[in-house]
K.L.:
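Once you've had a glance at the structure underneath, I'll fire off some questions.
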Amino acid sequence: MRNPKILVLDRSEGLGEQLERVVDDLRPRPELHTVTRVGAVGDLLDSEGPFDVLIAGPSLATRSGLARLEVIHDELPDMHLLLAFSRRPDAALRDIVRTGAVDLVQLPADDELLKESLNRVLELSRKTRTAMAAVAATNGSGPVLAPNHLGSVFTMSSATGGCGKTFLATNLAYLLSHYTGKRACIVDLDLQFGEVSTALRLRPKFTIYDALQREDTDEQALQEHIEEYMVEHESGVWVLAAPKDPAEADRIDPPDVTRIISAVRTRFDYVVVDTPSALTEVVLAAFDLSDSLYTMATLDLPSVRNMGVFLGTLEKLKIPNDNIKLILNKAETDVGIDVDQVTRLFPQGFASVLPYAKEVSRSINLGVPVLASSPNAPVSKLILDGFRELLPASDQEKMPAPAPAVEASRFRRMFRRQPAPQPR
């Protein structure tokens, strides 16, 4: 029989490091895998699973965290869950029960206490595996499980309004759909004043709020019917619109966001999430399920400063830096600050620097992504170059060739401040 496999899920690496010490004393020694981002769990389960035990750390001790654990439990009921929290979650008891947890350890805990709880959960898991094997032997064959395909999630964010999140979200969704031939959609999480429908000139009959008002609470039913609440744009991109009434936004909480994104991922290959300029629990719920998080700023001091504060907050929240990509939008000349000055402030660099372009305003007025309305415009070529790496190599061949390096350097020089003339 194979050694048991344990998956540790927490934004901090501290719990995983302690468990590495604990499992050294167990026989047989379990195989331990640690993941610091909820959005990466699906990929790890596909590549390294199945796992016998899931250990959820303190960062999951929120209503949204419990909702994510509930989704995982519904998908993988045979994987036993151990909660390792530093405080009792601010949630109803039934929310904790629905995660399927079989034990709870309060942190900080010494190695012996953690080992005792882990041994108990592993023993329950062993008994479950034995019982399943006996049933399989009786029936002549075991269950055959086909892992669900889950779409990739890309989220747009910023610390200040007017940075162009909706513009970039619509164009990214179009790019992914147009060049891969796969299904792409946008989820508008700017719940009070979402603009995706307006930007694409859509008149949706239903919204995200309507999808959450379904009488049944079964996750499978929501997955099967989610497209009924969406609207398709002429470009082939689907949209789940924000509520029509801003007051309805208060009735949507982080677990709702988890349910919606999880449902949409089962129906679309690519999911682009547009968020408001805020770090609310609702927004963080989307961040945790994202494969990549794009953070935007414009070429002005308040926006650049707020980007720095925003990134610092994400670091405190243990959002992995590897998944964050920066976008500088609406770059202009002669505005008192240049691109080189800004890039020096952010050593991780910018995935894209996009100029202020009249083609963008025109595309918004037409209700069509600029990549579709003006594919040969400089701003369109820069968008393609910035997101090229998201596509498989075979699909990248369908895209226009990258802009030559000499053109790129010429663009950067356009936004470099010219030295003042020296007196003679």
K.L.:
Would you mind listing every ring pair (Phe, Tyr, Trp, His ring centres under 6.0 Å) that reaches into residues 71-94, with sequence neighbours excluded?
P.N.:
none

K.L.:
Kindly write out the residues that satisfy ring pair (Phe, Tyr, Trp, His ring centres under 6.0 Å) with F387, not counting sequence neighbours, or none if the list is empty.
P.N.:
Y294

K.L.:
Could you walk me through whether L191 and L189 pass side chain to side chain contact (heavy atoms under 4.5 Å, CB included), step by step?
P.N.:
CA-CA 5 Å; L191 299 176; L189 275 191; 4.1 Å; yes

K.L.:
Do D10 and S59 pair up side chain to side chain, a donor and an acceptor below 3.5 Å, judged on atom types alone?
P.N.:
yes

K.L.:
If the condition is ring pair (Phe, Tyr, Trp, His ring centres under 6.0 Å), which residues does F350 pass it with, not counting sequence neighbours?
P.N.:
F346

K.L.:
S363: what forms a side-chain hydrogen bond (donor to acceptor under 3.5 Å, both in side chains) with it, not counting sequence neighbours?
P.N.:
none

K.L.:
Of L122, L19, L54, which is the lone residue that meets side-chain contact (heavy atoms from CB on, under 4.5 Å) with I6?
P.N.:
L122

K.L.:
In chain order, what residues pass the ring pair (Phe, Tyr, Trp, His ring centres under 6.0 Å) check against Y270, with sequence neighbours excluded?
P.N.:
none

K.L.:
Going by salt bridge (charged side-chain N to carboxylate O under 4.0 Å, His left out), name the pairs with one or both residues in residues 183-197, residues two or more places apart or in two chains.
P.N.:
R183-E227

K.L.:
Can you run down the side chain to side chain donor-acceptor pair (under 3.5 Å) pairs that involve residues 161-172, sequence neighbours left out, and say none if there aren't any?
P.N.:
S158-K165, K165-S277, T166-D274

K.L.:
For a side-chain contact (heavy atoms from CB on, under 4.5 Å) with V153, tell me which candidate from S290, S292, S262 qualifies.
P.N.:
S290

K.L.:
Listed by chain and number, what are the side-chain hydrogen bond (donor to acceptor under 3.5 Å, both in side chains) partners of S373, not counting sequence neighbours?
P.N.:
none

K.L.:
Can a cation-pi geometry be assigned to K330 and Y356, taking NZ or CZ under 6.0 Å from the six-membered ring centre and within 45° of the ring axis?
P.N.:
no

K.L.:
Using a 3.5 Å distance criterion without hydrogens, assess whether the side chain of S125 forms a donor-acceptor pair with backbone atoms of V121.
P.N.:
no

K.L.:
State whether the side chain of S380 and the backbone N or O of S374 hold a donor-acceptor pair below 3.5 Å, judged by distance alone.
P.N.:
yes

K.L.:
By side-chain contact (heavy atoms from CB on, under 4.5 Å), which residues pair with V231, not counting sequence neighbours?
P.N.:
L202, P204, V239

K.L.:
Can you find a heavy atom in the side chain of N329 that is under 4.5 Å from one in the side chain of L168?
P.N.:
no

K.L.:
Residues two or more places apart in sequence or in another chain: which of them pass salt bridge (Lys or Arg N to Asp or Glu O under 4.0 Å) with E123?
P.N.:
R126

K.L.:
Give a yes or no on whether the backbone of L150 and the side-chain of R265 come within a donor-acceptor separation of less than 3.5 Å.
P.N.:
no

K.L.:
Who passes salt bridge (Lys or Arg N to Asp or Glu O under 4.0 Å) against K244, sequence neighbours left out?
P.N.:
none

K.L.:
Decide side chain to side chain contact (heavy atoms under 4.5 Å, CB included) for W238 and H233; before the verdict, give the C-alpha distance in whole Å, the side-chain angles of both, and the deciding distance to 0.1 Å.
P.N.:
CA-CA 6 Å; W238 289 69; H233 185 257; over 6 Å; no

K.L.:
State the CG-CG distance between D111 and L118, to the nearest 0.5 angstrom.
P.N.:
11.5 Å

K.L.:
Got a sec, which residues hit salt bridge (Lys or Arg N to Asp or Glu O under 4.0 Å) with E389, two or more places apart in sequence or on another chain?
P.N.:
K325

